[in-house]
Amino acid sequence: MQEVNTKAPRDQFFKEIENVRHPNETLVKTHCSYCGMQCGMNLRVNTKTNQIIGVEPRYDWPVTVGKMCPKGVTAYQQTNHPDRILKPLIRDDASLKGTQKGFREATWEEAYDLIAKKFTELQQQYGKDALSVFSGVSMTNEKCYLTGKFARVALGTRYIDYNGRFCMSSAAGGFLRSFGVDRGSTLPWTDIHETDCLFIAGSNTAECHPTSMFRVWHVQERGGYLIVADPRETPIARRADVHLDLRPGTDLALANGILNLLIQAGYVDEDFVGNHTNGFEETKELVKQFTPEYTSQITGVAPEKIIRAAEIYGKAPNAVVMFARGVEQQHKGVDNVSAYTNMALVTGKIGRPKSGVATFTGQGNGQGGREHGQKSDLLPGYRKLTNPEHVREVCQVWGIPPEEMPQPGVSAYEMFELMEQKTIRGLYLLCSNPAVSAPNQNFIRRALKNLDFMVCADFYLSESAEFADVILPSVTWSEDEGTVTNLEGRIIKINKAQEPLGESKPDWQIQVELAERLGRGKYFSHLQTARDVADEFRLASKGGYADYYGATWDKIDKQDGVFWPCKDEADPGTPHMFLDKKFYHPDGKAKICALPYRPPAEEPDEEYPLRLTTGRVVYHYLSGNQTRRIQFLRDMCPEAYVEVHPETAAKYQIEHEEVVRLYTRRGEAEYKVKITEAIRKDTVFVPYHFGHDQSINLLTIDALDPMSRMPEFKACAAQIEKREKRAVQ
Amino acid sequence: MKKRLYLELENCIGCRSCLAACTQCGGHEQRNRNYVYDVNPLVNRQTMPLMCLHCVNPACARSCPAQAIQIHETGAVLSALVEKCIGCQNCTIACPYGIPKFDTEQNLMYKCDLCIDRTKDGIPPMCESVCPSNTLQWLTDEEIEAKNQQFNLDNGKWVTSMPYLEGETNVRVNLPGILQGVTKLF
Ligand code: SF4
Ligand code: SF4
Ligand code: SF4
């Protein structure tokens with residue numbers, strides 16, 4: 001029988017290549033455990049021991065065609081790593097919180113009994129909302145979905161939120177405001193190399209999403225343009241046609257300045273603006289004051305560069321505006337996103353192939369994980385807890401009366417404030433490491449210590465697990481199956497390559513079993529496999545904005561992934577958004593936003609004259625709990641450092657490799673100096689993957705975006721102090 | 001069709017995925033065999049890989065007194081044979097790029113064998129397979145010739161592997177500067 005070819009279209013980078021097959025080995029098709037690129041990979045499994053032993057490229061994955069960054073290549077080493085937690089751990093002596101000491105091995109029975117007892121006691125004494133769930137999005141949609149249900153149905157608490165607040169929430173907020181829908185990319189990644197201009201702001205793409213780079217370089221090879229806005233001359237900025245080397249935290253002025261020039265020079269698509277958008281006149285008025293000179297004053301970027309960037313973007317027949325945490329992790333992150341999105345809306349470069357807007361999603365399932373109810377105010381399918389109709393729809397699937405649905409809670413950082421105040425007394429933490437990744441760590445660690453009872457599910461003993469009373473061993477991505485939504489909005493399938501190591505269990509199973517202990521089994525006990533969860537989850541998303549109902553595992557396999565929305569069996573999904581020029585606001589129009597400039601929450605002054613910004617290195621992922629344990633990655637980048645411009649270093653009389661004290665109003669740490677001309681003179685940079693006293697988040701500020709509640713990781717005021725040189729070992 | 005490793009040095013982003021991947025090839029015993037350099041670390045983020053170029057008349061093999069370095073029929077210059085290598089390190093000194101590495105414990109040289117496990121069957125080497133920036137590419141001579149034409153610049157300098165750095169090599173290198181000859185779209 002002839003197979004109908006329903007595969008996604010192949011591009012010029014795709015080559016038919018057979019994989020190497022070794023004897024006694026099988027290959028399991030899956031995707032990387034780390035970032036939103038979700039590069040395809042094959043895990044090599046020894047058929048005698050049934051253990052994962054290596055990796056082989058997945059040439060047949062259309063997005064990444066076999067390519068992987070060093071994190072992806074070594075990801076398999078997580079599974080059978082000696083640091084894996086193999087049994088539940090209990091710590092009886094609470095005075096040891098904040099250390100790795102005092103844990104003893106226990107059975108699952110004992111651990112569940114203890115958790116059920118403590119959770120029940122706390123809720124009896126202080127009410128349902130005394131408990132909280134803090135979760136993450138480096139896990140499958142099925143797990144993310146069930147975590148939201150677990151918090152609301154099994155625990156009945158309003159307090160659930162997740163680490164996307166430190167990652168994608170500003171992009172979500174900006175897209176919702178501009179388009180009425182939040183899909184991270186309006187076009188598939190296989191379009192990117194064919195556009196004529198890439199405008200990339202606040203993305204260190206070569207280090208954070210490396211497998212996008214062959215497409216980026218191809219734009220230039222074809223004669224297209226690359227414009228990069230970044231305070232540092234990152235590897236992608238190095239080759240940019242225009243590098244807009246702005247001060248950290250001034251994106252909004254830059255975006256307004258460019259928009260002004262686009263409008264003044266007549267690059268407005270009058271038809272598109274008139275028929276498909278609102279807010280143009282008001283915005284045009286507002287951005288008038290952002291002349292190149294005024295914009296330059298705020299941003300520190302030379303006026304000629306701003307003019308040139310606007311000219312290129314305006315002229316380009318097709319262009320894609322892209323951004324990442326650099327613009328989003330600010331206390332005006334949502335405004336930044338909408339302001340850069342304005343560029344596409346005003347010029348009509350959206351809603352067609354090779355043009356659009358995209359954010360580089362940080363976490364593996366940063367997209368899917370925010371759509372299905374882990375956020376304090378959201379329910380599956382991007383439904384809202386504040387919308388009674390939405391609540392009713394979800395309650396029908398869950399089988400609870402609408403009155404039982406908890407109210408919206410608070411955002412991630414605000415949950416820690418409630419822990420500090422003892423409003424929240426218990427915490428179930430999974431898939432996240434806030435004791436490294438949250439801002440203002442001195443406060444965060446105090447809040448964690450203040451909890452009456454804390455459970456942490458992880459496969460390694462993270463810095464956050466050091467605050468737990470009970471640690472539950474969860475599985476790595478390779479020991480479970482389910483779906484993930486990559487940075488394109490493409491739903492893809494993660495496959496199981498090995499049985500769970502030791503006594504570890506997938507998070508969804510832990511939640512089902514815990515729910516049973518808590519007397520809520522009737523809402524959970526039918527979920528016996530990951531596929532059971534998947535089926536319920538698809539149903540729960542049905543009819544929502546992020547509709548996954550038609551994205552069956554079969555279809556994902558046949559089509560190389562399914563782009564949401566995908567409403568039913570016949571629907572192939574939606575690779576390009578807005579092709580019909582219909583946006584998701586009630587009137588079908590997109591919103592061009594008039595956004596007055598606001599400076600960063602903390603501007604440099606005499607006492608703290610430098611701008612501190614944070615980010616990633618190519619070798620590590622997020623809090624580093626996973627990657628710092630992998631030998632190759634640790635060898636390449638063993639510790640944090642501070643990047644300083646040579647002129648700044650000369651002013652402070654500090655040298656390359658010297659250890660200095662870096663401090664802000666909130667905290668301090670010591671770092672080795674890395675001198676480089678590839679950074680602004682008024683700015684210093686520290687990577688955030690390191691824990692304990694190396695954590696740069698001891699210094700970062702807790703100023704939150706009013707809408708997304710995203711902390712301003714990317715800009716605060718700091719000072720350097722000379723220290724004696726560290727003795728040579 | 002015969003393919004070659006081709007290096008587009010300008011593309012390198014310094015991720016060292018090629019080194020991580022090198023350890024994954026059969027027979028590589030988890031050791032990587034090539035190099036990635038920061039070109040000017042105090043100034044900018046430019047990096048470049050330094051791979052064995054698989055010389056047609058390899059100095060490493062010529063210098064070996066024990067004939068431990070064999071040349072595969074595909075042209076790949078193989079790692080030293082365990083039973084023959086006497087650990088003299090002549091090859092490292094002879095190679096113009098210092099490619100062969102040395103294992104002091106085993107008293108054995110090891111070097112890039114172009115993933116012979118893979119390339120003997122036409123499967124691209126691990127480093128090329130994963131390279132996220134297309135610095136490393138696996139191309140036919142026709143494809144390399146097309147690049148040659150595309151990037152043939154006025155000064156005649158930025159041409160693939162010309163002049164050869166050390167005799168003719170199986171691997172072809174394009175030095176930084178590919179964008180100089182590109183005609184802009186608008
Ligand atoms: S970390 Fe991201 S870019 Fe690197 S291999 Fe994994 S998914 Fe790909
Ligand atoms: S994998 Fe490619 S981009 Fe990365 S260091 Fe090696 S050659 Fe450079
Ligand atoms: S580059 Fe060096 S190691 Fe490689 S074949 Fe030539 S001489 Fe031998």
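In the text below, chain A, chain B and the rest are named by the order of the sequence lines, each starting its count at 1.
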Shorter than 4.5 Å, heavy atoms on both sides: which option in A:Lys67, A:Met636, A:His218 has the most such pairs with chain B?
A:Lys67
Quick check: under 4.5 Å, non-hydrogen atoms only, which of residues 107-119 of chain B neighbour chain A?
B:Asp117, B:Arg118
With only heavy atoms counted, which part of A:Ile312 is less than 4.5 Å from chain B, the side chain, the backbone, both or neither?
both
Below 4.5 Å from any heavy atom of chain B, which atoms of A:Met68 appear? Answer side chain, backbone, both or neither.
both
Could you give the distance from CG (B:Asn134) to NE2 (A:His193), rounded to the nearest 0.5 Å?
11.0 Å
Measure A:Arg215 against the heavy atoms of chain B and call it side chain, backbone, both or neither at under 4.5 Å.
neither
Is A:Ile17 close to chain B through its backbone or its side chain, or both, or neither, when contacts mean heavy atoms under 4.5 Å?
side chain
Nearest 0.5 Å please: distance from the CZ atom of A:Arg222 over to the NZ atom of B:Lys184.
10.5 Å
Which heavy atom in B:Cys12 sits nearest to a heavy atom in A:Arg238, and how many Å separate them?
O-NH2, 4.4 Å
I'd like to know whether CD of A:Glu18 has more than 12 heavy-atom contacts from other residues, nucleotides or ligands below 6.0 angstrom.
no
Rounded to the nearest 0.5 Å, how far does CG of A:Asp635 lie from CG of B:Leu19?
11.5 Å
Any donor-acceptor pair under 3.5 Å linking the side chain of A:Tyr225 with the backbone of B:Phe186?
yes
With a 4.5 angstrom heavy-atom cut-off, is it the side chain or the backbone of A:Ala316 that approaches chain B, or both, or neither?
both
Could you report the tightest heavy-atom contact between A:Cys69 and B:Ser17, atom names first, then the distance?
C-OG, 3.0 Å
Hey, could you give me the CD/CG distance between A:Glu677 and B:Asn40, rounded to the nearest 0.5 Å?
8.0 Å
When rounded to the nearest 0.5 angstrom, what distance separates OG1 in B:Thr135 from CE in A:Met213?
9.0 Å
So which of B:Ala20, B:Cys25, B:Cys18, B:Cys131 has the biggest tally of heavy-atom pairs under 4.5 Å with chain A?
B:Ala20
Which atoms of A:Lys71 come close to chain B, meaning under 4.5 Å heavy atom to heavy atom: side chain ones, backbone ones, both, or neither?
neither
Below 4.5 Å, heavy atoms only, C-beta onward: do B:Val130 and A:Met41 meet side chain to side chain?
no
Toward chain A, the part of B:Ser133 with a non-hydrogen atom under 4.5 Å
both
Interchain contact, A:His645 with chain B, by part (heavy-atom threshold 4.5 Å)
neither
